[in-house]
Amino acid sequence: MTCSVCDMKMFVRRNIHGGRSIMAPCTIGVLSPADGDAAVKLHNAAAHGLSRDIFAPSTEEEVLRFLGKEGLAVGVRFEDRLVCLRTLKTGAKWVEDTLSEFGLGPDTAARTAITGFCVVDKEFRGNNIQFLSQYYAENIIAQTFDSIVTTVSPKNIFSLQNVLACGFYIVNIKRVYGELMRYVLKKDFYPKHPVWTHGHLRIPIRKIEEQQQAIAAGNVGYKIIRRLGGFCILYGYLGQKTEEQQNPNPTLCLP
């Protein structure tokens with residue numbers, strides 16, 4: 001995928017030894033196949049030691065594929081090293097095959113991109129660099145695509161909070177990547193219908209079947225909250241409502 005977006009300066013907090021941190025001037029921009037070695041190195045360093053329940057690593061070939069014509073790779077550089085890498089699938093066949101695995105119909109494939117992964121150097125984690133790279137990538141793909149789809153493990157609470165905060169909605173829950181349970185989330189840049197947050201459903205995150213039933217009834221998950229019994233997902237109806245539907249009884253989040 002080609003784009004005309006220029007590199008941009010950004011200033012991110014960098015964690016250094018001894019419990020110290022300092023502001024670091026960085027540059028964010030689109031990567032090319034020439035950045036393949038740095039991309040593979042950062043991906044492998046971030047994926048090392050992580051459970052597949054949290055992060056499904058890509059092969060070296062797939063990482064390089066994101067840097068080619070079928071994908072988009074956004075990178076943040078500090079001095080001479082890559083410290084953040086965000087990837088997206090944009091090639092029509094790649095997108096169509098992946099959406100099929102996610103349980104989304106071919107109608108979703110039109111003008112839809114799919115996130116691959118986002119990895120961050122340990123010195124820059126937790127400092128909102130994930131948000132900045134997400135919005136930079138969206139600024140690029142919104143020129144061509146109407147929506148973006150991603151997946152998050154139900155066990156990865158931090159990433160799920162980040163993705164929902166970026167405006168994604170849970171639209172499916174499915175086993176993918178070799179039978180790994182994942183939330184499938186979608187963000188529409190130009191949505192046709194609102195999400196009704198008044199009268200929402202509040203469902204414990206561990207109750208996957210109840211969440212799947214809520215999705216089947218036309219609801220999407222839009223927020224994660226914490227209660228005494230653990231984390232819950234708030235689900236709201238997506239679309240137009242009748243007058244009777246506008247005042248449902250919310251589901252309580254039970255321990």
Side-chain angles (χ1 to χ4, degrees), residues 5-60 62-64 66-67 71-88 115-140 150-168 177 180 182-183 185 205 223-228 230-233:
V5 178
C6 298
D7 287 359
M8 182 180 75
K9 287 287 186 182
M10 56 190 295
F11 300 87
V12 184
R13 192 176 304 279
R14 175 192 175 202
N15 303 314
I16 53 180
H17 298 296
R20 298 169 295 161
S21 65
I22 191 169
M23 201 60 63
C26 300
T27 303
I28 185 171
V30 176
L31 303 182
S32 72
D35 300 297
D37 289 344
V40 171
K41 180 180 178 181
L42 179 59
H43 169 273
N44 292 345
H48 179 71
L50 290 179
S51 166
R52 283 179 57 83
D53 280 340
I54 298 296
F55 182 83
S58 297
T59 63
E60 180 175 335
E62 186 172 57
V63 174
L64 297 177
F66 283 112
L67 276 67
L72 174 70
V74 169
V76 178
R77 291 185 176 90
F78 169 64
E79 296 179 341
D80 61 346
R81 63 188 170 110
L82 189 65
V83 298
C84 176
L85 171 62
R86 179 174 291 282
T87 61
L88 298 99
T115 60
F117 58 81
C118 180
V119 290
V120 181
D121 183 283
K122 62 182 179 180
E123 292 183 0
F124 289 84
R125 291 174 192 164
N127 296 324
N128 290 326
I129 198 168
Q130 293 96 329
F131 286 103
L132 295 171
S133 63
Q134 174 68 32
Y135 291 132
Y136 185 89
E138 288 180 3
N139 181 52
I140 296 172
T150 192
T151 61
V152 179
S153 166
K155 297 182 180 180
N156 195 345
I157 299 297
F158 179 75
S159 290
L160 184 58
Q161 288 174 322
N162 282 344
V163 171
L164 291 172
C166 282
F168 284 80
Y177 310 134
L180 296 175
R182 290 292 188 268
Y183 283 113
L185 303 99
I205 195 170
K223 188 175 182 179
I224 182 170
I225 61 173
R226 185 164 191 164
R227 289 291 182 263
L228 292 177
F231 288 99
C232 296
I233 305 293

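This one's a predicted model, so the numbers in the text were calculated from it and none came from an experiment.
In this view, I225 and R202, K223, R227, C232, L234 satisfy the side chain to side chain contact (heavy atoms under 4.5 Å, CB included) rule, not counting sequence neighbours. In this structure, the side chain to side chain contact (heavy atoms under 4.5 Å, CB included) partners of S159, at least two apart in sequence or on a different chain, are V152, N156. Considering only residues two or more places apart in sequence or on other chains, F66 meets the ring pair (Phe, Tyr, Trp, His ring centres under 6.0 Å) condition with W94, F117. With sequence neighbours left out, A73 forms a side chain to side chain contact (heavy atoms under 4.5 Å, CB included) with L31, L67, L85, T87.
Within the 4.5 Å cutoff, no side-chain heavy atoms of F124 are placed close to those of V76. Using a 4.5 Å heavy-atom cutoff, the side chains of I205 and L160 are in contact.
Between P25 and F78, the shortest heavy-atom contact is O-CD1, 3.6 Å. Closest heavy-atom contact between M23 and V12: SD-C, 3.6 Å. In plain terms, the two heavy atoms of I224 and L164 that are nearest each other are N-CD1, 3.8 Å. Shortest non-hydrogen contact noted between A56 and L180 is CB-CD1, 4.3 Å.
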Evaluate side chain to side chain contact (heavy atoms under 4.5 Å, CB included) for Y183 paired with I233, printing each intermediate quantity in order.
-> CA-CA 11 Å; Y183 283 113; I233 305 293; 3.8 Å; yes
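For D37, the CG atom counts as loosely surrounded, since its 6.0 Å shell holds 12 or fewer non-hydrogen atoms of other residues, nucleotides or ligands.
Defined by atom type and a distance below 3.5 Å, a donor-acceptor pair is present between the side-chain atoms of S133 and R86. If you check the side chains of Q134 and Q130, you find no donor sitting under 3.5 Å from an acceptor.
Screening residues 73-82 for salt bridge (charged side-chain N to carboxylate O under 4.0 Å, His left out), with sequence neighbours left out, gives D35-R77, R81-D121, R81-E123. Counting only residues at least two apart or in different chains, salt bridge (charged side-chain N to carboxylate O under 4.0 Å, His left out) contacts with residues 18-28 are absent.
With rounding to the nearest 0.5 Å, the separation of OH in Y135 from CD1 in I28 is 13.0 Å. How far OG1 of T151 is from OH of Y177: 3.0 Å, rounded to the nearest 0.5 Å. To the nearest 0.5 Å, atoms CG (D7) and OH (Y136) are separated by 5.5 Å. Separating the CG atom in L64 from the OG1 atom in T59 is a distance of 8.5 Å, to the nearest 0.5 Å. Note that CZ of R13 and CD1 of I16 are 11.0 Å apart. Values are rounded to the nearest 0.5 Å. Note that the CG atom of N127 and the SG atom of C84 stand 11.5 Å from one another [nearest 0.5 Å].
Counting only distance, with no hydrogens or angles, the side chain of H43 and the backbone of S58 share a donor-acceptor pair below 3.5 Å.
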